[in-house]
Peer 1: 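Mind having a look at this structure? Questions to follow.
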Amino acid sequence: MNPLFADLPTTVFEEMSGLARRHGAVNLGQGFPDNEGPEDVRAAAAKATMDGPNQYPPMVGLLSLREAVAAHYARHQGLSLDPETQVVVTSGATEALAASILALVRPGDEVVLFQPLYDAYLPLVKLAGGVPKLVRLTPPHWEMTEAALDAAFGPKTRVVVFNNPLNPSATAYGADQLARLAERCVRHDAVAICDEVWEHLVFDGRRHIPLYAMPGMAERTVKIGSAGKIFSLTGWKVGFVCAAPKLAGVVAKAHQFLTFTTPPNLQTAVAYGLGKADGYFDDMRAGYGRSRDRLAEGLKSEGFVVLPSAGTYFLNVDLTASGVSIGDREFCLRAVQEMGVAAIPVSAFYAQDPVTSIVRLCFAKKDSTLDAGIERLAEARRRFN
Ligand code: PMP
Ligand code: GLN
């Protein structure tokens with residue numbers, strides 16, 4: 001057995017959803033909406049299933065989807081991508097991350113990563129033989145300081161794995177911070193694997209800026225997206241990698257031995273969905289923005305100190321500032337078992353020196369679910385001291 005996996009705990013998302021099922025809890029933990037996603041996109045998948053083809057699509061994805069991805073990013077983010085050579089369809093962002101990390105990290109390469117980090121990054125970097133260099137980000141601003149970046153980057157840095165908007169902090173990094181990172185990637189000749197699955201989930205009139213668009217980055221950025229997040233269909237697992245032809249080509253070589261391809265019916269439906277009018281994306285953002293505000297206001301009125309949420313499905317509360325003296329993991333375990341509400345301890349996103357006072361809540365839920373969650377969290381805050 002490979003100790004890399006044998007010694008790993010089950011991910012905190014699975015753990016907390018399992019506990020939520022067992023205790024019949026309101027689940028504000030794992031990030032998924034409690035709606036079924038847009039009906040027309042699902043209808044397109046149903047039609048494609050019945051009409052076919054249902055046999056292996058091309059390894060890099062249906063051309064219709066690669067064209068739709070390129071057109072979508074041209075329209076929404078001003079990028080110019082060649083669908084034939086610069087887009088690879090994967091089975092979710094998770095597979096895109098695995099293919100990119102396995103294809104681009106060589107044993108001994110230093111890889112810059114940011115804590116809090118999404119659970120898949122570190123095991124994949126280690127599997128590839130990379131040497132992790134962690135930048136520790138902290139609340140409330142989760143800023144990438146010049147000093148912290150300089151401490152992590154060095155002559156052996158070959159790859160950076162960056163997530164923007166950042167899960168779990170709900171930070172949307174803007175041009176100034178991206179420029180700091182891009183400047184170092186260029187200086188050290190590093191490739192950035194940029195996980196942008198939350199790109200459409202940014203609130204209050206913000207626009208997502210892809211790292212790919214920063215000066216000098218187009219030839220060294222592997223941009224990862226996920227239809228699961230764009231269409232509130234998290235179970236679909238259709239992702240895409242966009243990169244310069246040389247980088248996209250090597251990622252495709254890894255993808256061919258991970259999953260080889262992705263269900264064609266879902267690819268056809270996602271191609272349809274990416275072409276939806278701007279109004280769909282604006283309405284989706286506005287809806288989730290209202291849910292964020294409902295959860296934030298409800299928690300504040302119950303005495304919680306809430307951190308800003310610029311993007312993602314998530315809102316964080318600061319336990320210590322809210323007068324709760326126990327740590328985030330204990331709070332979450334007791335909340336799901338004793339109060340019937342599941343949340344995610346942010347310490348689970350740190351490999352070293354964790355921040356232990358922050359709890360992540362998913363607001364992509366019906367109002368009634370949010371209200372029930374607020375009530376139970378309020379009771380937990382009163383009791384767990
Ligand atoms: N990266 C991040 C930062 C995520 O939050 C998620 C899931 N929410 C993923 C990757 C995985 O995306 P997918 O379901 O498309 O594999
Ligand atoms: N990305 C989701 C979250 O952050 C979880 C996905 C998963 O469970 N692998 O909650």
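Counting starts at 1 for both ligands and their atoms, in listed order.
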Peer 1: Tell me, which protein residue and heavy-atom name are nearest atom 7 (C) of ligand 1, and how many Å apart are they?
Peer 2: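 Protein heavy atom with the smallest distance to atom 7 (C) of ligand 1: Lys229 NZ, 2.8 Å.
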Peer 1: Can you name the atoms of ligand 1, numbered from 1 with element, that are less than 4.0 Å from a heavy atom of Ser226?
Peer 2: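 That gives atoms 13 (P), 15 (O) of ligand 1.
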Peer 1: Between Val197 and ligand 1, does any nitrogen or oxygen pair lie at a separation below 3.5 Å?
Peer 2: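 Not met; the criterion fails.
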Peer 1: Got Thr90 and Ile224 here, is their nearest side-chain heavy-atom distance under 4.5 Å?
Peer 2: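 No; the side chains remain at least 4.5 Å from each other.
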Peer 1: Could you list which atoms of ligand 1 come closer than 4.0 Å to a heavy atom of Gly92?
Peer 2: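 By the 4.0 Å cutoff, the relevant atoms are 15 (O), 16 (O).
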Peer 1: Heavy-atom contact under 4.0 Å between Tyr313 and ligand 2?
Peer 2: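 For ligand 2, residue contact (heavy atoms, under 4.0 Å) with Tyr313 is absent.
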Peer 1: Establish, for the pair Arg334 and Phe384, whether the NZ or CZ atom is under 6.0 angstrom from the six-membered ring centre and no further than 45 degrees off its axis.
Peer 2: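 The answer is yes; both the distance and angle limits are met.
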Peer 1: Thinking salt bridges, do Lys223 and Asp195 make one under a 4.0 Å N-O criterion?
Peer 2: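 Not counted as a salt bridge, because no side-chain N and carboxylate O are separated by less than 4.0 Å.
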Peer 1: Would you check whether Lys229 has a nitrogen or oxygen atom less than 3.5 angstrom from a nitrogen or oxygen atom of ligand 2?
Peer 2: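 N/O-N/O distance below 3.5 Å does not exist for this pair.
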Peer 1: Which of the listed options, Phe32, Trp198, Tyr118, holds the heavy atom that is closest to atom 6 (C) of ligand 2?
Peer 2: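 Comparing heavy atoms across Phe32, Trp198, Tyr118, the nearest one to atom 6 (C) of ligand 2 lies in Tyr118.
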Peer 1: Whether Arg360 and Asp328 form a salt bridge (side-chain N of Lys/Arg under 4.0 Å from carboxylate O of Asp/Glu) is what I want to check.
Peer 2: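 Result for this pair is no, no salt bridge flagged.
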Peer 1: Suppose we measure from atom 12 (O) of ligand 1 to each protein heavy atom; which comes out shortest, and what is that distance?
Peer 2: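 For atom 12 (O) of ligand 1, the nearest protein heavy atom is Ala93 CB, 3.4 Å.
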Peer 1: Go through ligand 2 atom by atom and flag the ones less than 4.0 Å from a non-hydrogen atom of Phe314.
Peer 2: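 Ligand 2 atoms under the 4.0 Å threshold to Phe314: 3 (C), 4 (O), 10 (O).
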Peer 1: Heavy atoms only, cut-off 4.0 Å: how does Arg360 contact ligand 2, side chain, backbone, both, or neither?
Peer 2: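 Side chain only.
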Peer 1: Inspect the contact between Arg180 and Glu143 and indicate whether a charged nitrogen and a carboxylate oxygen are less than 4.0 angstrom apart.
Peer 2: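 Judged by the 4.0 Å cut-off on N to carboxylate O distance, Glu143 and Arg180 do form a salt bridge.
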Peer 1: What residue and atom, counting heavy atoms only, is the protein's closest point to atom 2 (C) of ligand 2, and at what distance?
Peer 2: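 Going by distance alone, atom 2 (C) of ligand 2 is nearest to Gly31 N, 4.0 Å.
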Peer 1: Determine whether a donor-acceptor pair (N or O, by modelled atom type, separation under 3.5 Å) exists between the side chain of Arg292 and the backbone of Tyr313.
Peer 2: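 The answer is no, because no donor-acceptor pair under 3.5 Å joins these two groups.
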Peer 1: How close does the nearest protein non-hydrogen atom get to atom 11 (C) of ligand 1, and which residue and atom is it?
Peer 2: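 The closest one turns out to be Thr94 OG1, 3.4 Å.
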Peer 1: Which of the numbered atoms in ligand 1 are below 4.0 angstrom from a heavy atom of Trp198?
Peer 2: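 In order of numbering, the contacting atoms are 3 (C), 4 (C), 5 (O), 8 (N).
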Peer 1: Closer than 4.0 angstrom, basic N to acidic O: yes or no for Lys156 and Asp109?
Peer 2: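 Result for this pair is no, no salt bridge flagged.
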Peer 1: Taking the basic N atoms (NZ, or NE/NH1/NH2) and the acidic carboxylate oxygens, is any pair closer than 4.0 Å for Lys276 and Asp40?
Peer 2: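 Salt bridge present between Lys276 and Asp40.
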Peer 1: Please tell me whether Thr85 and Asp82 have a donor and an acceptor in their side chains that are separated by less than 3.5 angstrom.
Peer 2: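 Asp82 and Thr85 do have a side-chain donor-acceptor pair below 3.5 Å.
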Peer 1: Nearest protein heavy atom to atom 14 (O) of ligand 1, by residue and atom, and its distance?
Peer 2: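 Of the protein heavy atoms, Lys237 NZ, 3.1 Å lies nearest.
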Peer 1: When you look for heavy atoms under 4.0 Å from ligand 2, do you find them on the side chain of Thr11, its backbone, both, or neither?
Peer 2: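 Answer for Thr11: neither.
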Peer 1: So which heavy atom in the protein is nearest atom 8 (O) of ligand 2, and how far is it from that ligand atom?
Peer 2: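 The closest heavy atom on the protein side is Gln30 NE2, 2.7 Å.
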Peer 1: In terms of side-chain geometry, is the basic nitrogen of Arg329 or Glu15 positioned less than 4.0 Å from the acidic oxygen of its partner?
Peer 2: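 Yes, this pair counts.
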Peer 1: Measure the distances from the heavy atoms of Trp236 to every atom of ligand 1 and state whether one is below 4.0 angstrom.
Peer 2: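 Flag not set, Trp236 not near ligand 1.
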Peer 1: With atoms numbered from 1 as shown, which atoms in ligand 1 lie under 4.0 angstrom from a non-hydrogen atom of Asn163?
Peer 2: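 Answer for ligand 1: 3 (C).
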Peer 1: Could you check whether Thr262 and Gln267, counting side-chain N and O atoms only, form a donor-acceptor pair closer than 3.5 Å?
Peer 2: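 Note: Gln267 and Thr262 side chains miss the donor-acceptor criterion.
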Peer 1: Taking Lys366 first and then Asp371, would you say they form a salt bridge - that is, a charged N and a carboxylate O separated by under 4.0 Å?
Peer 2: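 The answer is no: the pair does not qualify as a salt bridge.
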Peer 1: Counting non-hydrogen protein atoms only, what is the nearest one to atom 1 (N) of ligand 1? Give residue, atom name and distance.
Peer 2: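 Nearest neighbour among protein heavy atoms for atom 1 (N) of ligand 1, to 0.1 Å: Asp195 OD2, 2.5 Å.
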Peer 1: Starting from atom 5 (O) of ligand 1, what is the nearest protein heavy atom, named by residue and atom, and what distance separates them?
Peer 2: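 Scanning the protein heavy atoms, the shortest distance from atom 5 (O) of ligand 1 goes to Asn167 ND2, 2.8 Å.
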